[in-house]
Amino acid sequence: MNEQSDQHDHGALGDAEYTEFMELAAEEGFDLEDVEGAIEAAGHGPLPVLAVVGRPNVGKSTLVNRIIGRREAVVEDKPGVTRDRVTYEAEWSGRRFKVVDTGGWEQDVLGIDASVAAQAEYAIEAADAVVFVVDATVGATDTDEAVVKLLRRAGKPVVLAANKVDGPSGEADAAMLWSLGLGEPFPVSALHGRGTGDLLDEVLKALPEAPAQTFGAAPGGPRRIALIGRPNVGKSSLLNKVAGEERVVVNELAGTTRDPVDELIELGGVTWKFVDTAGIRRRVHLQEGADYYASLRTAAAVEKAEVAVVLIDASESISVQDQRIITMAVEAGRAMVIAYNKWDTLDEERRYYLEREIETELGQISWAPRVNVSARTGRHMEKLVPAIETALAGWETRVPTGRLNAFLGELVSAHPHPIRGGKQPRILFGTQAGSKPPRFVLFASGFLEHGYRRFVERRLREEFGFEGTPIHISVRVREKRGRKK
């Protein structure tokens, strides 16, 4: 067992701390391989990202559902289908990765080529590798050729999926796709699952491993900030204001293809990299499509960033779209700052009702630093950098295992889990297996209810800070056989 454990990544734990922790797990009757697996799963760095691209109706969303193992991506044929999420987590052969789905919207007034290219561009921005889906029964079209040029320019590894090959007779159709010049076409049927295993094996070769967790060490170069928010909320204006010049075109049309620009901007004596999400504009006759592009571009920007600055129009009621964007940043595990824009336009009545909205609609992210700003006048821009630094500090916070378990012991004694069905589950011990964001693994004698997990998270924040960062808590329950002898 010891020889095997030496080969495992200890996550946040040093050798001595790891040995002590495993002894504790053995005393409590846990399977040590399960404990190692829990620490490894929580202790990785950011997961690699796979983008699934291709023209409409080639089966992208069906393939995404096949990859993630559940029917979650919308697979309607009609254009204009908007979805809350475009990023999903998947696992194959013990390796985890994220999937960005670009299916679900068809052509607009700009033409089908432009809409497909825009989707692909936004997804490829965030991706480490790409699956390019082509309908083998139709063959390579002009639109497919246009996407190939985009993929070549991006320089990312590409796996070619020849979809709708339902049997051996379709293999010849798949072989014709060698002509695209992207290497071997992998014949698959996303609908029936045929060939998807071989495709995913090839995907794993193209994707980098999830990096090992490093604590306290910032990555090289400027810290990366995504300025996100719904269309027309003032992202371009804010970016121009902090830059001190017109860096971003404020009236750009939605759905047009262009080279994304990451802005290096000096604020508070520090150079930051603002990952550009500006330029998505809603047009009345293309609302759903523009919203879809906005969510796709937001997902791409968030994946590239360390901090998400969420811009909310304080002059309007907090919308469902605002909440979706916040949820996207939380699920991506990014540090977060909420910036309420147009603050200078509010009267006392609107301020009163905004505070009530924040309490009711955004209570779940009360941990995020808040700044009230005006992109138009520059009001309170100096408060943005301290808020970002606070969020980054919380995002990188690491609690030693000894201190964490002392805290958990006191917590369980003072506030035990409610008795359910004559049993009272108890947290036995835990560890912080990762940071950026903080990830905890708790080992318990029984299932912990969601409400109790939220209580534990709240108390963790009260004790250790974690301002400006989501916290991920996973629970491993001791198998009953572990205590029976």
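Keep in mind that the numbers below use all heavy atoms, side chains included, and drop hydrogens, waters and symmetry copies.
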Specify the closest pair of heavy atoms between [X] and [Y], including all atoms of both residues, with the distance to one decimal.
| X | Y | answer |
| --- | --- | --- |
| Val330 | His472 | O-NE2, 4.1 Å |
| Ala161 | Leu63 | CB-CD2, 4.5 Å |
| Pro438 | Gly394 | CG-O, 3.8 Å |
| Lys164 | Thr137 | O-CG2, 3.6 Å |
| Asp128 | Pro157 | O-CD, 3.2 Å |
| Trp272 | Ile388 | CZ3-CG2, 3.6 Å |

Can any side-chain N or O of [X] pair as donor or acceptor with the backbone N or O of [Y] at less than 3.5 Å?
| X | Y | value |
| --- | --- | --- |
| Asp322 | Ser319 | yes |
| Trp395 | Gly333 | yes |
| Asn163 | Val58 | yes |
| Arg439 | Ile471 | no |
| Arg334 | Ala332 | yes |
| Asp101 | Val64 | no |
| Thr141 | Asp144 | yes |
| Ser179 | Met176 | yes |
| Lys60 | Arg55 | yes |
| Gln432 | Gly434 | yes |

Nearest-0.5 Å distance, [atom1] of residue [X] to [atom2] of residue [Y]:
| X | Y | atom1 | atom2 | value |
| --- | --- | --- | --- | --- |
| Arg454 | Glu449 | CZ | CD | 10.5 Å |
| Leu384 | Glu389 | CG | CD | 10.0 Å |
| Trp367 | Thr469 | CH2 | OG1 | 6.5 Å |
| Asp313 | Tyr340 | CG | OH | 12.0 Å |
| Leu392 | Glu467 | CG | CD | 12.0 Å |
| Ile312 | Lys342 | CD1 | NZ | 12.5 Å |

Let's go through Leu460 and Ile473 carefully: what are the C-alpha distance in whole Å and the side-chain angles of both, what is the deciding distance for side-chain contact (heavy atoms from CB on, under 4.5 Å) to 0.1 Å, and is it a yes or a no? CA-CA 11 Å; Leu460 276 168; Ile473 296 176; 4.0 Å; yes
Sidechain N-carboxylate O distance under 4.0 Å for [X], [Y]:
| X | Y | value |
| --- | --- | --- |
| Glu171 | Arg194 | yes |
| Lys436 | Glu306 | no |
| Arg230 | Glu316 | yes |
| Glu396 | Arg223 | yes |

Is there a salt bridge (Lys or Arg N to Asp or Glu O under 4.0 Å) between Arg461 and Glu457 once you walk through the steps? CA-CA 6 Å; Arg461 292 185 183 282; Glu457 178 184 334; 3.1 Å; yes
What residue among Glu209, Glu91, Glu89 forms salt bridge (charged side-chain N to carboxylate O under 4.0 Å, His left out) with Arg96?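 Per the salt bridge (charged side-chain N to carboxylate O under 4.0 Å, His left out) rule, the option paired with Arg96 is Glu89, out of Glu209, Glu91, Glu89.
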For Lys156, does the NZ atom sit with more than 12 other heavy atoms under 6.0 Å from it, leaving out its own atoms? yes
Quick check: do [X] and [Y] have side-chain heavy atoms less than 4.5 Å from each other?
| X | Y | value |
| --- | --- | --- |
| Ile265 | Thr271 | no |
| Lys98 | Leu50 | no |
| Val441 | Arg476 | yes |
| Ser474 | Phe440 | no |
| Val165 | Asp173 | no |
| Leu267 | Phe274 | yes |
| Lys205 | Asp201 | no |
| Ile338 | Ile365 | yes |

I would like to know whether Leu177 and Leu180 meet side-chain contact (heavy atoms from CB on, under 4.5 Å); could you show each step before the answer? CA-CA 6 Å; Leu177 297 177; Leu180 287 170; 4.3 Å; yes
Side chains of Asn65 and Thr62, donor plus acceptor under 3.5 Å: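 Checked: Asn65/Thr62 side chains show no N/O donor-acceptor pair below 3.5 Å.
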Taking the six-membered ring where the residue is Trp, are the ring centres of Tyr452 and Phe447 under 6.0 Å apart?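 Tyr452 vs Phe447: aromatic centres not under 6.0 Å.
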Among Leu311, Ile326, Val309, Val302, which residue meets the side chain to side chain contact (heavy atoms under 4.5 Å, CB included) test with Ile228? Val302
Using the side-chain contact (heavy atoms from CB on, under 4.5 Å) rule, take Phe97 and Leu200 through it: C-alpha gap first, then chi angles, then the decisive distance, then the call. CA-CA 11 Å; Phe97 53 95; Leu200 286 169; 4.3 Å; yes
Worked check of side-chain contact (heavy atoms from CB on, under 4.5 Å) between Leu160 and Trp178: CA-CA 9 Å; Leu160 179 59; Trp178 276 97; over 6 Å; no
